[in-house]
Each structure stands twice: as C-alpha cells, then as structure tokens.
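Read the structure below first, then the notes.
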Amino acid sequence: MNARLPLIGVTLDGEPPAPQGTGGYSCFPWYAIRQNYMDMIAACGGLPVALGHDPALAARMVSRLDGLVVTGGAFDVPPDLYGATEAHASVRTKPRRTAAEAALVRAALAKGIPILGICGGMQLLAVLLGGTLVQHIPDALAHALAHEQPNPRDEAGHDVYIMADTHLARLVGADCLPVNSSHHQAVHDTGRGIVCARAPDGVIEALELPGHPFCIGVQWHPEFGISAGDRLLFEGLIDAARQAGT
C-alpha cells in the first residue's frame with residue numbers, strides 16, 4: 001500500500017475581472033497560481049491543494065492540512081498591518097487575499113504544522129510574527145542590488161548568504177545559494193522570527209521561527225528549482241509535514 005502523501009495547502013492569487021472585449025482570462029473574478037508551485041510540491045512527495053480566500057474557513061482548511069505554503073505575487077502587505085501610517089507610492093495591496101492568508105498562517109501557527117512563506121509570503125509571515133517591512137528598497141537602501149532582477153525568473157539574480165546554525169542552513173547544507181529575485185519590498189524587522197539569510201547588500205532574504213517544527217520564509221522563489229538548495233527546502237517542508245500528519 002502506498003504511503004499517505006502529506007496534504008500541502010497552497011495559497012492562490014486573486015485577480016479582478018477583465019473588462020468585456022479586452023481578451024482577459026475572465027470577465028469574473030478569478031484565482032491564479034503558477035504551475036511550478038504545485039509541480040515542486042508533488043515532485044518532493046507532497047499532495048498540493050489550492051486554498052481559496054475565505055478567512056472564515058481558514059481554521060477548517062488548516063485542520064485538514066499537514067503543511068502550508070504561502071505564495072508570492074505582484075502585490076504588497078497593507079502597511080497598516082505593521083503599524084505604518086503612510087504607504088509608499090509603489091505599494092499595491094490585495095486586502096481580500098491578505099486577510100485570507102493571514103487567517104491561514106495564524107491557524108497553521110496555532111496547529112503547529114509546517115509553514116513555508118515565499119517572497120510576499122515571507123513578508124506576511126514576518127508581519128504576523130510582529131515584524132515590519134521596508135516599503136520600497138531603492139528608496140531605503142543606497143547601492144541596493146537589483147532585487148527586481150531584469151533577467152528571467154528561472155535564472156539566478158544574486159546570491160544569498162545562509163546563517164550558520166539555523167534550520168535553513170541544516171536543510172540546504174550550504175552557506176551560499178544562487179537565487180532569483182522579484183521584490184521591491186523587504187523585511188526590516190523579523191519580530192519573533194530570526195534572520196537566517198541575507199543578500200550581499202544586507203537585505204534580509206530568509207527568516208525562521210525558533211521552536212516551531214518548520215516555519216521558514218524565503219524572499220526568493222524556490223519553486224523554480226534554481227539550485228539544489230531550492231529542492232532541499234521543499235523536501236524539508238514535506239518531511240516535516242509527513243511527521244505532522246502521523
């Protein structure tokens with residue numbers, strides 16, 4: 001008999017309806033996700049399932065999951081969630097999605113199941129752990145790297161340096177990884193989390209929550225599998241989820 005595959009919830013993006021006659025995907029609101037999120041989870045031994053945007057159902061969803069992946073997207077965490085009174089002109093929010101993801105993360109933290117936050121998912125995780133964000137890297141950091149890399153996302157944009165003696169370091173078995181980069185914001189303070197990777201310019205690239213079986217956020221997109229460390233990160237998530245489901 002085949003072993004049970006751990007059930008991994010994956011958050012979706014939400015898109016508005018396309019105006020009639022524009023050739024958009026749908027004239028009604030729709031969900032979206034890149035295929036490689038699901039493919040990577042399946043390749044690493046998990047059973048991916050998409051999660052809709054309903055905060056009222058978040059706890060019930062999480063009660064059936066063995067792990068949670070909070071995906072990225074071309075939007076930002078609302079500044080008021082981390083105590084900012086003003087928003088940079090570049091900030092674009094999706095309040096419905098954020099409310100649903102926040103409810104899912106809180107429920108997953110309470111249940112103690114593995115959580116992987118990716119790009120914007122890492123930023124939301126940091127905020128929910130009591131942290132804050134840099135709203136626009138180019139305005140906040142002189143001589144910053146191109147964190148919105150000009151080359152394709154399935155190629156590396158820069159390296160990240162992994163902090164020794166962290167969960168992330170033990171998972172990937174390396175002190176440096178090439179990663180892609182597609183973000184204009186960054187974590188400023190990790191709250192209850194700890195920093196476990198930085199870019200050469202000092203930008204926080206990963207965080208983790210001590211004492212949790214698996215709670216890691218990474219600023220890059222490991223679902224593209226650019227390095228062996230990307231797959232090892234997902235394999236670590238699935239292994240932890242398998243333990244959670246036993």
Side-chain angles (χ1 to χ4, degrees), residues 1-15 25 30-54 57-74 97 100-101 103-105 107-109 111-122 124-125 152-156 160 167-168 170-174 177-183 197 206 208 212-246:
M1 183 180 294
N2 292 332
R4 175 182 177 275
L5 300 179
L7 188 63
I8 309 298
V10 186
T11 66
L12 298 168
D13 202 359
E15 294 295 331
Y25 176 77
W30 51 284
Y31 287 128
I33 191 168
R34 257 189 288 101
Q35 181 178 326
N36 57 359
Y37 282 109
M38 303 304 223
D39 288 350
M40 179 64 88
I41 291 168
C44 293
L47 181 62
V49 59
L51 306 176
H53 298 169
D54 191 340
L57 292 178
R60 293 185 183 183
M61 291 179 187
V62 169
S63 72
R64 302 190 182 190
L65 299 177
D66 301 311
L68 174 68
V69 174
V70 186
T71 63
R97 173 178 174 174
E101 289 185 325
L104 288 165
V105 171
L109 287 169
K111 187 182 176 185
I113 64 170
I115 303 168
L116 175 60
I118 294 176
C119 199
M122 168 188 162
L124 178 61
L125 179 60
R153 299 301 186 259
D154 59 354
E155 300 174 359
V160 297
H167 191 177
L168 181 62
R170 290 188 290 273
L171 284 173
V172 303
L177 292 177
V179 302
N180 53 17
S181 192
S182 179
H183 60 106
E208 58 190 53
H212 192 283
F214 188 111
C215 183
I216 296 176
V218 296
Q219 191 61 77
W220 64 94
H221 282 271
E223 70 275 12
F224 281 94
I226 288 173
S227 74
D230 285 345
R231 181 168 179 126
L232 288 168
L233 180 59
F234 273 97
E235 289 178 351
L237 170 75
I238 303 305
D239 287 344
R242 192 174 289 115
Q243 295 296 320
T246 58

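Below, all heavy atoms of this structure are taken into account, side chains as well, without hydrogens, waters or symmetry copies.
- Using a 4.5 Å cut-off on side-chain heavy atoms (C-beta onward), Val179 and Ser227 make no contact.
- The structure places CG of Leu171 at 14.5 Å from CZ of Arg231, a figure rounded to the nearest 0.5 Å.
- Taking His183 as the reference, His147 meet the ring pair (Phe, Tyr, Trp, His ring centres under 6.0 Å) condition, with sequence neighbours excluded.
- In this structure, Tyr25 and Trp30 have tilted ring planes: the angle between them lies in the 30° to 60° band.
- Thr71 OG1 to Arg97 CZ: the interatomic distance, rounded to the nearest 0.5 Å, is 4.0 Å.
- Contact record, His221 with Cys119: NE2-CB, 3.4 Å, taken as the closest heavy-atom pair.
- Closest approach of Lys111 to Ser63, counting heavy atoms only: NZ-O, 3.1 Å.
- Once rounded to the nearest 0.5 Å, the distance linking CD1 of Ile113 with CD of Gln243 reads 14.5 Å.
- Side-chain atoms of Glu208 come within 3.5 Å of backbone N or O of Leu168 as a donor-acceptor pair.
- Going from atom CG of Leu237 over to atom CD1 of Ile41 covers 7.0 Å, rounded to the nearest 0.5 Å.
- Interatomic distance, CG of Leu5 versus SG of Cys44, reported as 12.0 Å (0.5 Å rounding).
- Closest approach of Ala108 and His212 over heavy atoms only: O-NE2, 4.3 Å.
- In this structure, CD in Glu223 is found 7.0 Å from CG in Asn180, a value given to the nearest 0.5 Å.
- For the residue pair Met38 and Ile33, the shortest heavy atom distance occurs at SD-CD1, 4.3 Å.
- Scanning both residues, His53 and Leu12, for their nearest heavy atoms gives NE2-O, 2.7 Å.
- Of all heavy-atom pairs between His167 and Phe214, the closest is CE1-CD1, 3.7 Å.
- Between Leu125 and Ile216 there is no side-chain heavy-atom pair separated by less than 4.5 Å.
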